[in-house]
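A quick write-up on the structure given underneath.
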Amino acid sequence: MTKTDLDIAFEEAVQRVNAYTGPFPADTLLKLYAYYKKATNNYSKPSSKKPIINAFKTNALFQVQKISPKEAKKKYIELVNNYFLYRK
């Protein structure tokens, strides 16, 4: 199975996020989390020790339930590119 341009761009965006050492805004983190989980078909439950964080993560996942994994990859890449383009 060969990787598509979308798969490669998605992996590069994930690496950019993982390599970044600064803090992300909470809303951006939740979107990244939800898009990543949807893009990778990872349906495991949120595992934070804090119930409120699990609730926010569950809500974020609920908001992306109707998009495809392919669309989630596109949205993840777009979010990462925009964040790094416009961050201060």
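The figures here come from the full heavy-atom set of this structure, side chains too, leaving out hydrogens, waters and symmetry mates.
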Taking only residues two or more places apart in sequence or in another chain, which ones pass side chain to side chain contact (heavy atoms under 4.5 Å, CB included) with [X]?
X	result
Thr21	none
Lys75	Tyr35, Ile67, Glu71
Asn59	Gln63
Asn18	Val14

inquiry  = If only side-chain N and O atoms count, and only distance matters, is there a donor-acceptor pair under 3.5 Å linking Ser44 with Asn42?
reply    = yes
request  = Say whether Lys38 and Ser68, considering side chains only, have a donor N or O and an acceptor N or O under 3.5 Å apart.
outcome  = no
Qualifying ring-ring contact (aromatic ring centres under 6.0 Å, His included) pairs with a residue from residues 42-65, counting only residues at least two apart or across chains = none
request  = Report, as yes or no, whether the 6.0 Å neighbourhood of atom NZ on Lys31 holds more than 12 heavy atoms from other residues, nucleotides or ligands.
outcome  = no
ask   = With Lys73, which residues qualify under salt bridge (charged side-chain N to carboxylate O under 4.0 Å, His left out), at least two apart?
value = Asp7
key: salt bridge (charged side-chain N to carboxylate O under 4.0 Å, His left out) against Glu11, all qualifying residues, sequence neighbours excluded   = Lys3
message = When you group the ILVMFWY residues by side-chain heavy-atom contacts below 4.5 Å and let the links chain together, are Leu29 and Tyr33 in the same group?
response = no
ask   = Could you give all pairs that pass the side-chain hydrogen bond (donor to acceptor under 3.5 Å, both in side chains) test and reach residues 45-57, with sequence neighbours left out?
value = none
For Phe84, ring-ring contact (aromatic ring centres under 6.0 Å, His included) partners two or more places apart = Tyr20
